[in-house]
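Reminder, nothing fancy here: chain letters follow the sequence lines and each chain counts from 1. It should be emphasised that the depicted structure is a prediction, and the values quoted were computed from it without experimental measurement.
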Number of protein chains: 2
Amino acid sequence: MTIRTERRNDALSKERIVQAAIDILDGEGEGALTFRALARRLATGSGAIYWHIADKDALLAAATDDVVTQAMSGGAMSGGSMSDGGGDGVEPREAIRVIALGIFDAIDAHPWVGAQFSRAPWQPAMLRVFEAIGGRLWALGVPEAAWFNAWSALVTYIFGAATQNAANARLQAPGTDRSAALADIAGGWARLDPAQYPFLRQVAPQLGAHDDREQFLAGVDLILAGIGTVKGKSPPA
Amino acid sequence: MTIRTERRNDALSKERIVQAAIDILDGEGEGALTFRALARRLATGSGAIYWHIADKDALLAAATDDVVTQAMSGGAMSGGSMSDGGGDGVEPREAIRVIALGIFDAIDAHPWVGAQFSRAPWQPAMLRVFEAIGGRLWALGVPEAAWFNAWSALVTYIFGAATQNAANARLQAPGTDRSAALADIAGGWARLDPAQYPFLRQVAPQLGAHDDREQFLAGVDLILAGIGTVKGKSPPA
DNA sequence: ACCTGAACACCGTTCAAGT
DNA sequence: ACCTGAACACCGTTCAAGT
């Protein structure tokens with residue numbers, strides 16, 4: 001007697017399709033993701049994909065949701081949204097930094113996610129990020145009147161900065177050296193007209209030498225410092 | 001004797017092509033900008049456009065540069081980049097707010113510009129924005145060690161927030177009511193699981209009622225306040 | 001020098017036809 | 001229920017041919 005597996009291992013499914021799409025996006029770039037390429041990789045017809053996924057937008061949305069969910073699954077990012085101040089042992093400012101860096105690194109590793117945000121905010125996985133940030137603001141003791149604007153500024157900065165960073169990375173030809181490209185731009189700034197661009201000339205060396213993650217975190221810290229001036233008290237010991 | 005005009009008034013030129021592209025982008029959306037549609041509007045062949053512009057990326061870059069240049073031509077945004085503190089009578093923080101709002105409004109009016117930033121930062125018109133912000137930081141008396149990070153955080157937030165705002169606007173069907181769509185999302189947040197999403201439930205009413213420009217400016221102010229804590233002195237009177 | 005428009009090599013999406 | 005792959009209606013870009 002033969003025991004049939006209820007499903008062939010290689011049966012098409014939304015999960016398999018989304019994973020194949022992520023593989024293509026990461027490995028060959030956004031331009032390489034076509035239904036024909038996807039069908040070839042899955043050894044099926046291009047039309048079969050439409051049985052499982054509505055269209056290309058839905059495919060990109062599902063792939064993005066996957067990546068963000070992954071990024072949020074780190075231990076430091078769950079829990080701690082209690083209004084009593086957290087209670088999971090992580091200082092709220094530090095927790096916000098960890099969440100922010102998690103998003104930054106995830107988008108850096110999957111640059112196409114950045115472009116996707118513009119087309120589909122309010123995705124389910126995003127809600128978990130939003131809540132995690134908001135919960136830490138409660139734990140920080142930010143006064144109620146400032147909740148919404150403080151939360152909005154943080155979330156906007158985190159996703160905006162991560163997206164811009166990834167876009168810069170995507171601009172480069174796949175094999176080229178990132179720091180060399182940056183040095184090129186910094187060199188261009190250093191040669192700008194001193195009368196018109198005194199500031200950019202001054203900061204050109206720092207542009208060429210900066211670390212992206214540190215620069216990103218410095219921005220998060222500036223916003224946190226600004227939020228601190230609203231409540232007017234120092235962080236809890 | 002006949003005096004020939006050196007150029008027919010309707011002769012093709014990069015300027016005319018870019019303007020026609022902007023008209024299409026603003027009036028019919030990003031999906032409507034094709035070389036065929038552009039050629040039809042300019043009463044020429046689709047191939048003629050390639051004589052004046054390298055490809056579609058260059059066309060979008062030129063259109064974006066136009067819009068940003070326009071946004072920066074406002075009087076309050078020029079000058080004032082002297083290290084002696086400005087001297088054009090506008091308080092630096094207020095000048096930064098004006099510049100930021102100018103960018104925000106320009107991208108709000110031309111939402112496609114937001115999507116374009118990801119593909120081409122470092123555009124010439126952008127440099128003027130970058131310099132204008134940096135110059136005001138000097139005027140604010142920010143210490144040298146903080147120049148780069150403070151500048152970077154401001155510029156990142158301004159373009160990131162403006163882009164995200166425009167993307168949200170673009171998501172909606174052209175005819176629909178913006179506040180109704182926001183109320184829908186806010187309603188969704190209000191119905192989230194209280195155990196998992198206490199923060200989002202709390203701020204849902206503010207999400208539905210907020211003013212986008214005010215929210216944006218509040219973020220700029222938070223960063224400026226954070227920058228203030230770095231230098232540790234109050235703004236000059 | 002500048003313009004024309006057919007041709008080429010692609011797309012996303014649909015759908016009759018298969019199993 | 002799920003899959004196939006040809007067909008449809010598009011794209012951006014090129015290029016021989018015109019003026």
Taking the nucleotide of DNA chain D with the closest heavy atom to each, which residue, A:Ala43 or A:Arg36, is nearer the 5' end?
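Here A:Ala43 is the residue nearer the 5' end.
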
Please tell me which of the listed nucleotides, D:dT14, D:dG12, D:dG5, lies nearest to the side chain of B:Lys56?
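The nucleotide sitting nearest to the side chain is D:dG12.
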
Which nucleotide, if any, forms a Watson-Crick or G-U wobble pair with D:dG5, using both distances under 3.5 Å?
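C:dC15 - that is the nucleotide pairing with D:dG5, both distances being under 3.5 Å.
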
Can the ring centres of B:Tyr50 and B:Phe35 be said to be less than 6.0 Å apart?
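Between B:Tyr50 and B:Phe35, the centre distance is under 6.0 Å.
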
Whole-Å distance separating the CD1 atom of A:Ile53 from the P atom of C:dG12
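Value for this atom pair: 13 Å.
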
Can you check the A:Ile49 CD1 to D:dG5 C1' distance for me, whole Å?
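Checked: the CD1 to C1' distance equals 12 Å.
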
Round to the nearest Å and state the distance from B:Arg40 atom CZ to D:dC10 atom C1'.
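After rounding, the reported distance stands at 12 Å.
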
Quick test of your reading of the model: are A:Asp212 and A:Arg178 salt-bridged, counting only N-O distances below 4.0 Å?
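Yes, this pair counts.
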
Protein-nucleotide distance (B:Asp57, atom CG; D:dG12, atom C1'), rounded to Å:
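Distance check: B:Asp57 CG to D:dG12 C1' gives 11 Å.
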
Does A:Gln164 reach the main-chain N or O of B:Thr156 with its side chain, forming a donor-acceptor pair under 3.5 Å?
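Yes, the answer is positive, given that a donor and an acceptor are paired below the 3.5 Å cut-off.
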
Please give, in whole Å, the distance from C:dC2 C1' to B:Ile17 CD1?
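B:Ile17 atom CD1 is separated from C:dC2 atom C1' by 11 Å.
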
May I ask you to say whether A:Arg136 pairs ionically with A:Glu131, meaning some side-chain N is under 4.0 Å from a carboxylate O?
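No, no charged N to carboxylate O under 4.0 Å.
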
Just the rounded figure in Å: distance from P of D:dG5 to CZ of A:Phe35.
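A:Phe35 atom CZ is separated from D:dG5 atom P by 17 Å.
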
Distance check needed: C:dC11 P versus A:Asp55 CG, whole Å only.
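Value for this atom pair: 17 Å.
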
Looking across every strand, which nucleic acid part, if any, lies under 4.0 Å from A:Leu33 by heavy atom: base, sugar-phosphate, or nothing?
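Here A:Leu33 touches the backbone only, sparing every base.
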
Are any of A:Trp51's side-chain N or O atoms less than 4.0 Å away from OP1 or OP2 of D:dC2?
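Yes.
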
Grab the OH-C1' distance between A:Tyr50 and D:dG5 for me, whole Å please.
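So the OH-C1' distance, A:Tyr50 to D:dG5, works out to 13 Å.
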
